[in-house]
Each structure stands twice: as structure tokens, then as C-alpha cells.
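Values in this document were obtained by computation on a predicted structure and should not be read as measured data.
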Amino acid sequence: MDRIPILRLQDYLLVTIQVELHDELAVTLQDDLTQTLSRTHARGVLIDISALEIVDSFIGRTLAHIASMARVMDANTVVVGMRPAVAITLVELGMTLSGINTALNVDKGMDLLRTLNLDGEGSQTEDA
């Protein structure tokens, strides 16, 4: 069975999807990411979908589930590289992808993850 590599970069996980994401592979990615988050205690997940030409409702829901599971495990999720046609399709399907932050590219996505984690740390420090 194919698997999508999950790379660890400091406190973050990087997932670059370079193949068409069919339903079975999406579920496998969801499971692999959850296990990797549990094992590494990463603070964020960056998912690069720039190679995807099509994102259907199942893939959109799977991305939303990944973000929800990551949030429960105290990690933020950022999706980068969304093509305009993909964004249009998701809007036409009525999908909001709640809990998912987006950025144009990997650099901006990593900056966003760092900012989100700094904001979270700041509020925790202020409450303590």
C-alpha cells in the first residue's frame, strides 16, 4: 500500500502530497498523521496540496478531520498550495474546512504555524 511521507521539521510535521489522493490513501494519511502526532508531540502540521488538481468532498472532509484531530492533540494545521480551481470547488461544495488555516506556500505556512504557536504560548503564560 502507498503511503505519503510525513517529515518532522523541529516541532512541526510536514506532509507534501505528490500523488492524487484517493479515498483509501487519505484515510491512511489521517491514521499515520494521528499516530505520528501522538509519538512526536509535534506542535503543528503543514500539509502541502499544491500537486493536487482535484479535491472532492471526501478529501475535504478528511483534511477537516485531520485538523480536528491535530487540534485535540494540541497542534495547529495549515494547508498550503491550494490551487484556485480547488478553492472554487470547495466553496461550490459548501465546505468551509473549519479549523484549517491556509497559506500560499510552505514558507508562509511555516511562518503562520510559528505565529499560531507563539500566540498560544503567550495566552498560556498570561493565564498562569
Side-chain angles (χ1 to χ4, degrees):
M1 170 188 269
D2 291 332
R3 284 194 137 61
I4 296 174
I6 301 170
L7 305 173
R8 184 163 185 189
L9 299 172
Q10 299 171 353
D11 290 335
Y12 307 104
L13 300 178
L14 173 63
V15 177
T16 302
I17 302 170
Q18 296 293 319
V19 297
E20 281 306 312
L21 194 58
H22 54 82
D23 293 357
E24 186 178 334
L25 187 56
V27 171
T28 300
L29 173 61
Q30 179 178 290
D31 294 342
D32 290 349
L33 255 175
T34 305
Q35 291 174 13
T36 304
L37 274 169
S38 176
R39 188 175 64 255
T40 63
H41 304 287
R43 297 171 60 205
V45 177
L46 189 137
I47 303 172
D48 180 3
I49 64 168
S50 59
L52 294 183
E53 294 186 27
I54 298 171
V55 173
D56 62 17
S57 61
F58 181 80
I59 302 301
R61 281 193 311 274
T62 302
L63 290 172
H65 288 152
I66 287 171
S68 295
M69 287 185 278
R71 191 72 236 139
V72 168
M73 299 177 84
D74 200 28
N76 294 298
T77 302
V78 175
V79 172
V80 301
M82 187 178 300
R83 294 175 183 225
V86 169
I88 290 167
T89 300
L90 291 174
V91 169
E92 287 175 349
L93 291 171
M95 301 198 73
T96 60
L97 299 181
S98 62
I100 297 180
N101 299 287
T102 58
L104 290 176
N105 57 44
V106 172
D107 287 337
K108 291 181 186 282
M110 289 302 286
D111 289 343
L112 179 56
L113 276 176
R114 289 183 189 106
T115 300
L116 291 168
N117 283 320
L118 287 175
D119 290 346
E121 285 178 4
S123 64
Q124 289 174 357
T125 303
E126 292 170 6
D127 293 339

So which heavy atom on G109 is nearest to which on V80, and how close? CA-CG1, 3.8 Å

Tell me whether R114 contacts the main-chain N or O of L116 through its side chain, where contact means a donor paired with an acceptor under 3.5 Å. no

Do D23 and I59 come within less than 4.5 Å of each other through their side chains, counting heavy atoms only? yes

Distance (rounded to the nearest 0.5 Å) between L46 CG and N101 CG: 10.5 Å

Output the distance between atom CG (L21) and atom CG (L29), rounded to the nearest 0.5 Å. 6.5 Å

Any non-hydrogen side-chain atom of V55 less than 4.5 Å from a side-chain atom of T89? no

Taking R83 for its side chain and S50 for its backbone only, find out whether a donor-acceptor pair lies under 3.5 Å. yes

Pair D111 + K108, salt bridge at N-O below 4.0 Å: no

Under 3.5 Å donor-acceptor, S38 side chain and T34 backbone: no

Shortest non-hydrogen contact between Q18 and A51, atoms and distance: CA-CB, 4.0 Å

Give the minimum heavy-atom separation between A75 and G44, together with the two atoms involved. CB-N, 3.8 Å

Would you say the side chain of I6 lies within less than 4.5 Å of the side chain of D32, judging by non-hydrogen atoms? yes

Answer whether the closest heavy-atom distance between the side chains of V19 and L25 falls below 4.5 Å. yes

Minimum heavy-atom separation for L90 to G60, with atom names? CD2-CA, 4.5 Å

Minimum heavy-atom distance between Q30 and H65, given as atom pair plus value: OE1-CB, 3.5 Å

When you look at D11 and N117, which way does the side-chain contact (heavy atoms from CB on, under 4.5 Å) test go after all the steps? CA-CA 10 Å; D11 290 335; N117 283 320; over 6 Å; no

Minimum heavy-atom distance between T62 and A26, given as atom pair plus value: CG2-O, 3.6 Å

Using 0.5 Å steps for rounding, measure from the CG atom of N76 to the OH atom of Y12. 8.5 Å

